[in-house]
Novice: 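Have a look at this one before I ask anything.
Chain letters run A, B, ... following the sequence lines, proteins first, then strands; residues in each count from 1.
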2 protein chains.
Amino acid sequence: MQSRTPAGRTGRPRSAAADAAILEATRQALVELGWSKLTLGDVATRAGVAKTTLYRRWAGKNELVVDAVAELFDELELPDRGSLANDIEGVVLQFAAILDRPEARSGLMAAVAESTRDDALRERIRASIVDRQKRLVLEGRARAQCRGELPSEPDPEEAARTVDLIFDMVAGAVVHRTLMSGKPADEAWVRDFTRVLLLGLASQSPETP
Amino acid sequence: MQSRTPAGRTGRPRSAAADAAILEATRQALVELGWSKLTLGDVATRAGVAKTTLYRRWAGKNELVVDAVAELFDELELPDRGSLANDIEGVVLQFAAILDRPEARSGLMAAVAESTRDDALRERIRASIVDRQKRLVLEGRARAQCRGELPSEPDPEEAARTVDLIFDMVAGAVVHRTLMSGKPADEAWVRDFTRVLLLGLASQSPETP
DNA sequence: AGCTTTCGCTACGACTCGTAGCGTAATGCC
DNA sequence: GGCATTACGCTACGAGTCGTAGCGAAAGCT
């Protein structure tokens, strides 16, 4: 993930336990200190490794935090709950639960802030976090089309645009609700949100009247 | 804004020109350096003031950047374009234009990240940035109800929830599109987004079937 | 005038950064 | 077993930033 497990055959291999300890220590430090007060020296001490070991594996604070936060999104799943509405509500509640964790809030937002001036970091976030979420939208949409809950889209380009739109609307609304408005994305809110979104998607017309 | 213009009548007054120069220098430094590499000493030099002057007015980097970024949102307006759809498209495009500026992207996101561990900072962001945007939603909704484009909501509590929901959906989608997906919120996207949102809002039923 | 507050400047200890060097530990290959 | 190779822990280092203190000068008010 963060560095080539160099397939170089000879020599002492890198400790996988150290990787796990460092990422866990990073999340713990994010909770206690937040992004700006987090130092790599402190993370190394918490993880029980030398500071130099940390620098050998990650280029800097940005990359380390992205990897540490990305693991939080591994648990995202899309179980079949029978209807598109239930599927959406389920995954949105999962997403909201992750954003409830302090290490996800400060880590993700700070990384995104830095990525506005670092293309490599932006790509890293996209590959390890954003795309993983987006896949759920793709899967849920396909499942809904099989059920006949959503119209099938013949044009692949148009379909991709629609998926992008849905993804930004869902994830954006949850993030904004949680971080900007500072209110919980609880079941009542998720129900209201899902209703508005689905009504908008179900009654899609090819063009505005 | 950032410090009491102390109403204490006597003594040398604080230079308003220094305030403007500092905030402008902060935005410029955000563009060139980004959040993490921005130092208050550098901002002071750019603004032509002493570093101590900066510390006398702002508590730290967080507060300074919030004030500097908040000014960018002053230009948000809601001209009457004749229909709710046009009103929404107009204000979303304005919002997207602001988020196109590098100082808004990195500054706002970094401040939000820090606000997850600083309640006072969160409140500052809410008062000087978020609430100002939310007022536009309130105004646009009232205008649409006068036109008959949206059903009027008798219950004030329910109305407040709906306004919150719309606000998070609009602002969240634009922010996510711009910063997470890394794609422009151009006219084509805004048109698609507005259509889905309005269809969802227009066909509102009191309860899910 | 006299009083009050701000301003620019300098200096300061404390902290973090990222790197270099060294000796040691763990593996693969012969 | 011995050897080459790589990772590890540790220490030390110059550079840079932080936030504050102290000083004399400047700018307003009465």
Side-chain angles (χ1 to χ4, degrees), chain A residues 1-26 29-30 32-65 67 106 110 114 117-118 120-121, chain B residues 1-26 29-30 32-67 110 114 117-118 120-121:
Chain A
M1 186 84 72
Q2 75 288 359
S3 61
R4 316 280 154 250
T5 317
R9 37 245 150 270
T10 174
R12 176 179 178 176
R14 288 191 171 173
S15 161
D19 265 31
I22 291 173
L23 293 175
E24 176 58 32
T26 303
L30 274 176
E32 297 182 13
L33 305 173
W35 163 272
S36 60
K37 295 183 180 176
L38 179 147
T39 68
L40 296 195
D42 183 57
V43 170
T45 303
R46 289 172 189 263
V49 302
K51 192 173 61 165
T52 43
T53 298
L54 224 159
Y55 277 103
R56 287 188 190 105
R57 306 192 183 194
W58 282 276
K61 199 204 274 196
N62 295 336
E63 291 77 10
L64 173 62
V65 169
D67 286 358
S106 54
E114 291 302 312
R117 301 200 42 78
D118 185 340
L121 184 63
Chain B
M1 185 85 72
Q2 75 290 358
S3 61
R4 316 282 155 248
T5 317
R9 37 235 151 276
T10 173
R12 175 178 177 175
R14 288 191 170 171
S15 161
D19 264 31
I22 291 172
L23 293 175
E24 176 57 33
T26 303
L30 273 177
E32 296 182 13
L33 305 173
W35 163 271
S36 59
K37 294 184 180 176
L38 179 148
T39 69
L40 296 195
D42 183 58
V43 170
T45 303
R46 290 172 188 263
V49 302
K51 191 173 61 163
T52 43
T53 298
L54 222 160
Y55 276 102
R56 287 189 191 103
R57 307 193 183 191
W58 282 276
K61 201 204 268 197
N62 295 336
E63 291 76 9
L64 173 63
V65 169
V66 169
D67 286 358
E114 292 301 313
R117 302 201 38 80
D118 184 341
L121 184 63

Novice: To the nearest Å, how far apart are B:Trp58 CH2 and D:dT20 P?
Specialist: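 Distance check: B:Trp58 CH2 to D:dT20 P gives 16 Å.
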Novice: Compare every heavy atom of B:Ala21 with every heavy atom of B:Ala47, then report the nearest pair and how far apart it is.
Specialist: CB-O, 3.7 Å
Novice: In plain terms, say whether B:Arg117 and A:Glu32 are close enough for a salt bridge, that is, a side-chain N and a carboxylate O under 4.0 Å apart.
Specialist: no
Novice: So, does the side chain of B:Arg56 form a donor-acceptor pair with the base of D:dG19 at under 3.5 Å?
Specialist: no
Novice: Of all residues at least two apart in sequence or in a different chain, which pass the side chain to side chain donor-acceptor pair (under 3.5 Å) check with A:Arg12?
Specialist: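 Scan of A:Arg12 (side chain to side chain donor-acceptor pair (under 3.5 Å), adjacent residues dropped) gives none.
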Novice: Indicate the atoms forming the closest heavy-atom contact of A:Ala18 with A:Val49, along with that distance.
Specialist: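 Result for this residue pair: CB-CG1, 4.2 Å.
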Novice: Which sits closer to the 5' end of DNA chain D, B:Tyr55 or A:Pro13, going by the nucleotide each is nearest to?
Specialist: A:Pro13
Novice: Let me confirm one number: the OH-CG distance from A:Tyr55 to A:Leu40, rounded to the nearest 0.5 Å.
Specialist: 4.0 Å
Novice: Any chance the side chains of B:Ser36 and A:Glu114 put a donor and an acceptor closer than 3.5 Å?
Specialist: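 On atom types as modelled, these side chains qualify, holding a pair under 3.5 Å.
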Novice: For a quick check, with a 4.0 angstrom heavy-atom cut-off, what is the B/S/- contact string for nucleotides 10-15 of chain C, read 5' to 3'?
Specialist: ------
Novice: Please evaluate the base of D:dT6 for a donor-acceptor partner in the side chain of A:Arg12 within a cut-off of under 3.5 Å?
Specialist: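 Between D:dT6 and A:Arg12, which were checked side chain against base, a qualifying N/O pair under 3.5 Å is absent.
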Novice: If I take atom CZ in residue A:Arg14 and atom C1' in nucleotide D:dA7, what distance separates them, rounded to the nearest angstrom?
Specialist: 8 Å
Novice: Distance check: side-chain N/O of B:Thr10 vs OP1/OP2 of C:dC3, anything under 4.0 Å?
Specialist: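 The answer is no; no side-chain N or O of B:Thr10 sits under 4.0 Å from OP1 or OP2.
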Novice: How many angstroms lie between atom CG of A:Asp42 and atom NZ of A:Lys51, to the nearest 0.5 angstrom?
Specialist: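 Going from the CG atom of A:Asp42 to the NZ atom of A:Lys51 covers 11.5 Å.
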Novice: Specify the residues of residues 32-42 of chain A, ordered by number, for which at least one heavy atom lies under 4.0 angstrom from an atom of DNA chain C.
Specialist: A:Thr39, A:Leu40, A:Gly41
Novice: Please find the pair of heavy atoms, one from B:Ala29 and one from B:Leu38, that lie closest to each other, and give the distance.
Specialist: CB-CD1, 3.7 Å
